**Student:** 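Got a structure for you, written out below as structure tokens; questions coming shortly.
Every value quoted in this text rests on a predicted model; they were computed, and no experiment measured them. Atom set for the values below is all heavy atoms of this structure, side chains included, hydrogens, waters and symmetry mates excluded.
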Amino acid sequence: MMRYVIIGAGPAGLAAVEAIREVDVEGEIALLTMEDVPAYSKPLITYLLGKKVQEKNMLYRTREFFDEHRVEVRTGAEVVRVDTDSNMVYLKNGESLSYDRLLIATGGAPFKPPIEGLEKEGVFTFTRWCDEKDMAEYIERNGVHEAVVLGGGLIGLKTTEALMELGIKVHIVELADRILAATFDKKASEIITRALEREGCEVHTNDTVVQVKGGKRISRVILKSGKEIKTRLLVVAIGVTPNVGFLRDSGVRLGRRGIMVDDRMRTSISNIYAAGDCTEVLDESTGEWRTIAIWPIASAQGKVAGYNMAGREVRYQGGIPMNSVELAGIPTISVGCTNVEGDDVEILKYEDPSSSVYKKLVIKNNKLIGAVFVGDIDRAGIYTGLITHGVDVSTFKDALLDEGFGLIYLPKEYRKKLIEGELKVWLE
Amino acid sequence: MVRIDASGLHYKELNETIRKLVDEGEKEIILDNVCGQRYIGCGLRGNDIKIEIVGTPGNDLAAFMDGATIIVRSNAQDGTANTMNRGKVIIHGDSGDITGHSMRGGRIYVKGNAGYRVGIHMKSYKNNFPVVIIGGFVRDFLAEYMAGGLLIVLGLETDESGNVVGNFVGTGMHGGELYIRGTVAEHQLGKEVKIHRVTDEDSNRIIPYLSEFCDDFGFSLDEILKKEFVKLKPYTHRPYGRLYAY
Amino acid sequence: MGCRLCEIHCITAHSKSKNIIKVFRYEVPQPVPSVIVEEKEYTTFAIQCRHCEDAPCIQACITGAMHRDPDTNAVHVDHEKCVGCWMCIMVCPFGAIQRGTVEKKVASKCDLCVDREIPACVENCPNEALVLVEVSE
Amino acid sequence: MAKRRAPSEFIVERDEYKCIRCLACVRMCSYEANFYDERENMVFTDNSKCVGCHFCEAICPTDAIRVIHNPLAIKQNAHWTGEVVSDIIKQAETGGVLLASMGNDKQHFSYFDRIILNASQVTNPSIDPLREPMEIRTFIGRKPESVDLEVENGSVLLKTEITPQLKLEVPIMFSAMSYGSISLNACKSLAKAAQMMGTFFNTGEGGLHKDLRQYGANMIVQCASGRFGVDMEYLNAGAAIEIKIGQGAKPGIGGHLPGEKVTEPISETRMIPVGTDAISPAPHHDIYSIEDLRQLIYALKEATRYEKPVGVKISAVHNVAPIASGIVRAGADFVVIDGIRGGTGATPKVIRDNVGIPIELAIAVVDQRLRDEGIRHLASIVVAGGIRNSADVIKAIALGADAVYIGTAALVSLGCHLCQKCYTGKCNWGIATQDPKLVKRLNPEIGARRAANLLRAWALEIKEMLGGMGINAIESLRGNRDQLRGVGLSEYELKLLGIKPAGEAW
């Protein structure tokens with residue numbers, strides 16, 4: 001009987017559980033998580049902070065899920081070492097477990113830059129439920145009404161939004177010349193910036209925090225530009241980095257940042273697999289291998305890893321960065337390459353300034369490679385499909401941004417494949 | 001090759017015999033002593049089948065025929081190649097009324113003269129293109145309702161009044177082309193057709209058929225081309241537009 | 001045939017009053033129809049959730065709101081759990097999920113009219129163009 | 001000068017409370033009569049464009065629409081009716097022949113309504129069709145003079161060779177309606193219904209669409225003067241061949257499918273180029289006499305090796321009895337007679353409404369003539385032209401028909417509301433149109449089901465009526481005019497119909 005050990009109870013780990021059970025009903029599955037609760041949704045912590053979600057709804061898979069799938073769940077189990085010779089994982093508490101197949105789905109950890117004073121009370125990163133608990137408690141206790149968020153990416157902005165929900169005035173500090181520079185194009189950033197400003201948020205671009213002042217507790221921050229902001233709360237949200245420190249001497253090969261995997265999600269060690277934010281994935285939109293920390297890719301990779309671990313050979317074709325987020329009441333979606341320019345690239349745009357609606361499509365070699373939707377995201381998934389499935393759009397390019405655009409414009413062949421469910425994220 | 005003596009045979013018997021032979025794979029059949037038996041080759045299918053008729057076949061020769069070749073050594077009667085789809089009928093004598101009625105494809109070559117309403121309602125469709133060539137003269141209502149195909153009258157013989165064609169030529173014609181070797185007077189024409197000069201392009205198109213016709217009957221193409229042709233075409237392929245109140 | 005009555009009946013079936021005239025006269029906002037009629041030249045079709053076997057919306061859902069009903073295998077949204085992040089809208093290649101309009105802003109999609117025997121769109125299609133097909137695995 | 005419009009025949013009324021502005025009526029009206037005004041947020045109708053097809057009324061989800069007759073469109077006048085005046089206005093505008101569709105809609109030709117049926121009381125028992133076998137199967141084709149039988153090992157063998165027959169499980173067929181005059185979906189509906197019910201549909205003279213080929217066993221192919229789409233494949237495709245000489249809606253005149261209606265698919269089945277007029281000349285150019293007709297009948301029989309019945313369809317005209325006799329003598333296996341109420345996709349109105357004779361009289365005189373001449377068995381008689389219900393069917397059979405053709409009734413079962421605008425090609429019901437957008441409004445599955453249901457229903461009713469008369473086989477009713485009585489008919493009409501007046505005993 002096969003013994004599966006999965007490290008990490010995020011979307012990758014859970015998708016792997018589902019996939020393994022589809023193929024292997026017998027094997028033992030142990031799921032390790034360093035958190036106190038398995039299968040809670042990390043993206044929801046900003047909603048929890050902003051009181052848009054109740055605690056009971058933080059779990060995206062319930063206790064019954066683990067019973068149904070017969071998974072032995074170990075919470076508070078932080079893995080410190082993997083011994084690939086003896087097929088053992090060692091936990092911080094001194095326990096060890098043996099495995100036949102191991103999945104590393106440890107996700108990412110927040111990146112903390114070397115800034116003076118960062119150890120002070122009132123400085124937070126914000127990626128885990130415990131961060132939310134701590135921060136909520138801190139805000140309550142200290143009556144915070146002004147905060148600085150370092151980092152104008154998605155986590156930073158969702159945190160900003162949550163803080164604003166609590167009536168806190170937020171300063172966003174972003175090193176780049178605009179917020180959301182990594183995911184959106186300039187125009188989209190502008191629309192979001194304006195919307196945030198309208199709601200009372202201050203956005204400082206081309207700037208960063210260089211020093212955190214205060215006693216034991218933060219009282220103000222000093223920016224590179226020399227500006228000083230009085231605050232009792234600093235949230236550092238400048239990105240996450242793969243959580244792979246425990247693999248240092250294991251022999252599992254790492255790339256520039258994350259774990260290197262093949263198209264079956266196998267690492268350099270043949271019975272060890274990896275999936276999710278801790279891996280480097282083939283970015284189909286650029287052809288580069290890099291970490292793309294997004295939920296759909298984590299689920300897909302977890303599923304592929306699970307199938308392969310259980311003996312069903314499927315191949316992952318790579319993923320495309322994509323994000324969907326509603327900020328300041330404006331829904332936005334960004335898929336694939338949205339920031340490219342050049343002679344070989346054709347850009348289609350639609351703008352309606354009166355309603356903050358903005359849409360942009362990026363076409364290269366007759367294929368859609370990127371899409372931005374701001375304000376109106378209706379049926380955006382159709383475009384995502386065209387991007388991920390590499391559909392030639394030359395015959396209906398002119399209609400792409402028409403009001404009635406839909407499946408009816410797509411090639412019959414493609415439509416048929418879609419409807420028959422032939423297009424999956426993996427290949428048999 | 002099989003020879004059948006048709007004398008005294010009812011058409012039903014004769015045609016049944018022909019069909020049976022064709023079903024068995026016979027490709028060439030010669031019918032002797034044919035005397036008025038109708039429907040010879042009616043509905044016959046198959047490109048490589050050849051039937052030679054010695055004697056005089058009856059009406060509806062080669063009606064609905066689809067592919068075969070029929071050679072008549074003497075005269076044919078009315079309804080020759082009625083609604084024929086493909087194939088070829090070669091008549092060494094005269095042919096009767098409504099020769100080529102409603103035919104949609106194939107060829108009819110008549111060495112002698114032909115009767116009334118020759119080529120009536122002939123039509124063409126895609127690869128189906130009917131061609132009728134009459135060596136001598138024809139009677140009234142030539143090419144009536146004609147909707148497609150090619151019809152040529154050579155006038156190697158003329159009628160009692162020296163005409164190549166009768167009156168009401170091309171009445172109701174709304175498609176196809178009609179060539180007459182010699183002249184035709186305005187009063188002989190139906191109101192839907194107009195006389196045109198024959199262009200080089202036209203000549204190039206019809207010469208292959210004429211040369212085949214000459215080969216079949218031993219005429220000289222050069223002799224035939226010595227005399228000028230006129231071309232008749234309909235004014236419109238919609239002769240009855242603007243007729244109704246909607 | 002492009003009459004769009006499926007949309008009308010979908011809205012009615014998911015409205016408060018369930019009365020076709022009242023919905024359109026008094027209910028603001030109206031539910032969004034989960035069946036979308038597309039038209040181009042001579043082609044028309046109605047598209048709604050296909051309840052995909054390997055549903056990308058379930059894979060992408062960060063709350064677990066999008067789930068498969070174990071009994072019917074249909075894909076449903078738990079409106080209480082949904083927070084309106086629109087990940088599902090981003091990944092549905094049919095464009096069959098929409099932003100809901102009534103009360104909380106949550107994903108809205110075809111629920112096969114769980115409280116009816118036959119979905120409203122199927123029952124009311126004048127040309128029987130919409131049919132309910134059960135796919136057994 | 002500005003165009004003067006004929007007054008609107010219909011008024012579309014909309015209940016403002018019920019109208020939910022779903023715009024289904026706007027989207028669906030092919031005549032563009034309904035329109036939406038955004039500023040007013042109201043749906044309006046240009047009544048002059050309404051043809052009275054009732055499609056919007058049927059599609060409206062809240063039942064908010066009523067299409068009603070405009071009562072005072074034209075001042076009432078018994079002689080100068082609204083129709084007469086409107087026609088004059090139209091002709092004054094256009095100078096053209098008035099076109100009309102479907103059958104004659106004038107009141108004065110129905111003998112069916114003046115004929116009543118008999119039933120058994122006391123002196124002879126009626127039959128309960130629910131409990132006892134009731135035979136309504138019939139065969140179309142030539143019947144032998146006599147039948148030779150041989151008994152071999154206790155079983156009876158038929159020695160006489162029977163010429164090809166069509167077996168009808170119900171004595172009702174779908175009459176000739178070409179692909180072109182009606183949509184492919186309408187053709188498919190009828191073809192499938194014919195297959196389901198064990199009867200036949202007729203291709204009409206427009207050739208055969210490839211999708212209909214699979215219904216060959218239930219199909220009659222037509223060969224008309226235009227010979228459109230007629231080739232060997234076509235002639236062999238069906239179970240029988242019908243030579244069309246005439247049609248009840250337009251006796252004596254030809255057909256004309258205007259070039260703009262000859263689209264790619266139509267061109268393919270008719271085998272003529274796209275956009276050319278498809279002209280069916282009034283006569284067949286090879287038929288100027290009964291002898292010529294015989295020639296075509298036998299040419300078709302020769303071409304199809306005597307494997308199929310060949311029939312001839314004529315319209316009912318003054319001389320119908322002798323003509324029918326000639327047709328039978330010319331070798332036809334069945335004669336089709338189409339009466340003055342016969343339908344059409346397009347015909348000059350003046351012809352439709354004024355030429356021909358009622359089918360009831362035609363059946364009676366033809367049946368009688370053939371009997372008198374002793375040739376009734378040589379061919380079956382199929383009648384058409386305004387058969388509306390099972391009573392009409394049974395009366396037609398009692399007057400002497402073997403079976404009937406239904407056209408209009410079949411189309412009504414598919415959805416037709418008799419707006420009589422087939423010639424416009426804009427049929428909202430998807431029947432008499434080639435516009436792909438409109439065609440698909442008729443789902444052939446639904447159409448087939450409905451048309452088959454109609455036949456099933458009529459078959460049941462026919463059995464009830466037969467049972468009531470104490471007759472257990474439709475064959476025993478054929479020409480059994482004793483079962484009929486006339487009401488309010490003149491002595492001479494009764495004589496022609498061969499029936500006694502109501503009240504007179506056997």
Side-chain angles (χ1 to χ4, degrees), chain B residues 11-12 14-16 18-19 23 38-45 58-67 78-79 82-86 97-98 101-105 116-117 120-126 128 141 144-145 147-148 172 174-176 236-246, chain D residues 87 89-99 207 223 225-236 254 256 258-260 267-268 270-281 284-288 291-292 294-296 298-306 346 348-349 421 423-424:
Chain B
Y11 71 77
K12 211 170 159 180
L14 174 64
N15 292 329
E16 189 51 44
I18 296 170
R19 282 197 290 267
D23 284 348
R38 290 178 172 184
Y39 316 121
I40 295 174
C42 179
L44 201 59
R45 310 183 77 171
N59 290 356
D60 273 357
L61 171 75
F64 305 108
M65 193 168 81
D66 196 8
D78 297 345
N82 189 347
T83 323
M84 179 164 93
N85 205 46
R86 271 177 322 134
D97 296 348
I98 61 168
H101 169 221
S102 278
M103 76 190 272
R104 192 184 301 112
Y116 293 84
R117 294 181 280 141
I120 186 166
H121 218 313
M122 257 168 78
K123 42 181 117 32
S124 70
Y125 178 65
K126 290 196 169 163
N128 284 355
F141 295 108
E144 191 181 14
Y145 282 116
H174 54 289
T236 165
H237 63 281
R238 300 282 320 273
Y240 307 118
R242 236 202 125 256
L243 194 62
Y244 301 110
Y246 281 96
Chain D
D87 285 353
I89 294 173
K90 259 186 245 170
Q91 293 193 303
E93 292 283 353
T94 63
V97 174
L98 288 168
L99 276 183
C223 173
S225 66
R227 302 283 157 92
F228 296 115
V230 177
D231 64 4
M232 283 313 296
E233 215 166 290
Y234 174 78
L235 294 175
N236 281 321
H256 174 204
E260 62 265 16
S267 111
E268 208 172 304
R270 301 216 168 193
M271 300 187 193
I272 50 168
V274 174
T276 52
D277 282 4
I279 297 167
S280 288
H284 285 246
H285 297 301
D286 47 356
I287 305 175
Y288 286 8
E291 166 54 21
D292 284 351
R294 181 184 180 81
Q295 188 174 308
L296 182 60
Y298 277 90
L300 290 167
K301 287 189 175 190
E302 281 282 333
T304 54
R305 305 189 168 193
Y306 297 88
K349 190 174 182 210
K421 290 287 184 290
Y423 60 86
T424 62

**Student:** Who wins among D:L235, D:D231, D:D286 for the most heavy-atom pairs under 4.5 Å with chain B?
**Tutor:**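 Most heavy-atom pairs within the cutoff with chain B belong to D:D286.
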
**Student:** Among D:A303, D:A299, D:S267, which has the most heavy-atom pairs under 4.5 Å with chain B?
**Tutor:**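 Highest number of heavy-atom pairs under 4.5 Å: D:A299.
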
**Student:** Just say parallel, tilted or perpendicular for the rings of B:H121 and B:Y145, cut-offs at 30° and 60°.
**Tutor:**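 Geometry flag for B:Y145 against B:H121: parallel rings.
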
**Student:** What residues form a side-chain hydrogen bond (donor to acceptor under 3.5 Å, both in side chains) with D:D292, not counting sequence neighbours?
**Tutor:**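 In terms of side-chain hydrogen bond (donor to acceptor under 3.5 Å, both in side chains), with neighbours along the sequence ignored, D:D292 is linked to no residue.
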
**Student:** Would you please say whether a donor-acceptor pair under 3.5 Å links the side chains of B:H174 and D:D277?
**Tutor:**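 There is no such pair between these side chains.
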
**Student:** Please classify the contact of B:N82 with chain D as side chain, backbone, both or neither, using a heavy-atom distance under 4.5 Å.
**Tutor:**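 For B:N82, side-chain heavy atoms alone lie under 4.5 Å from chain D.
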
**Student:** Do D:Y298 and B:C42 make a side-chain contact, defined as non-hydrogen atoms from C-beta onward lying under 4.5 Å apart?
**Tutor:**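 They are not in side-chain contact.
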
**Student:** State whether B:R19 and B:E16 are salt-bridged, where the test is any N-O pair (Lys NZ or Arg NE/NH1/NH2 against Asp/Glu carboxylate O) under 4.0 Å.
**Tutor:**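 Salt bridge flag = yes for B:E16 with B:R19.
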
**Student:** Inspect the contact between B:R86 and B:D66 and indicate whether a charged nitrogen and a carboxylate oxygen are less than 4.0 angstrom apart.
**Tutor:**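 Result for this pair is yes, salt bridge flagged.
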
**Student:** Which one of D:K301, D:R270, D:H285, D:E233 has the most heavy-atom pairs closer than 4.5 Å to chain B?
**Tutor:**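 Max contact count across the listed options: D:H285.
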
**Student:** Please classify the contact of D:Q295 with chain B as side chain, backbone, both or neither, using a heavy-atom distance under 4.5 Å.
**Tutor:**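 For D:Q295, the contact with chain B is made by backbone and side chain together.
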
**Student:** Report the option among D:A278, D:S225, D:G226, D:A346 that has the most heavy-atom pairs separated by less than 4.5 Å from atoms of chain B.
**Tutor:**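 Looking at each of D:A278, D:S225, D:G226, D:A346 in turn, D:G226 comes out on top.
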
**Student:** Return the option, out of D:L296, D:T304, D:L300, D:N236, with the maximum number of heavy-atom pairs under 4.5 Å with chain B.
**Tutor:**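 Ranked by contacts with chain B, first place is D:L300.
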
**Student:** If I measure from the heavy atoms of chain D, does B:R104 come under 4.5 Å with its side chain, its backbone, both, or neither?
**Tutor:**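 Only the side chain of B:R104 comes within 4.5 Å of chain D.
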
**Student:** Please name all residues satisfying ring pair (Phe, Tyr, Trp, His ring centres under 6.0 Å) with D:Y234, sequence neighbours left out, ordered by chain then number.
**Tutor:**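 Listed in chain order: nothing, the list is empty.
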
**Student:** Do B:K123 and B:M103 make a side-chain contact, defined as non-hydrogen atoms from C-beta onward lying under 4.5 Å apart?
**Tutor:**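 No. Closest side-chain heavy atoms not under 4.5 Å.
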
**Student:** Just so I understand: if I count every heavy-atom pair under 4.5 Å between each of D:E302, D:M232, D:K421 and chain B, which residue has the most?
**Tutor:**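 Looking at each of D:E302, D:M232, D:K421 in turn, D:E302 comes out on top.
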
**Student:** Which atoms of B:F141 come close to chain D, meaning under 4.5 Å heavy atom to heavy atom: side chain ones, backbone ones, both, or neither?
**Tutor:**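 Looking at B:F141, nothing touches chain D.
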
**Student:** Name the region of B:K12, side chain, backbone, both or neither, that has any atom closer than 4.5 Å to a heavy atom of chain D.
**Tutor:**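 Its backbone and side chain both get close to chain D.
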
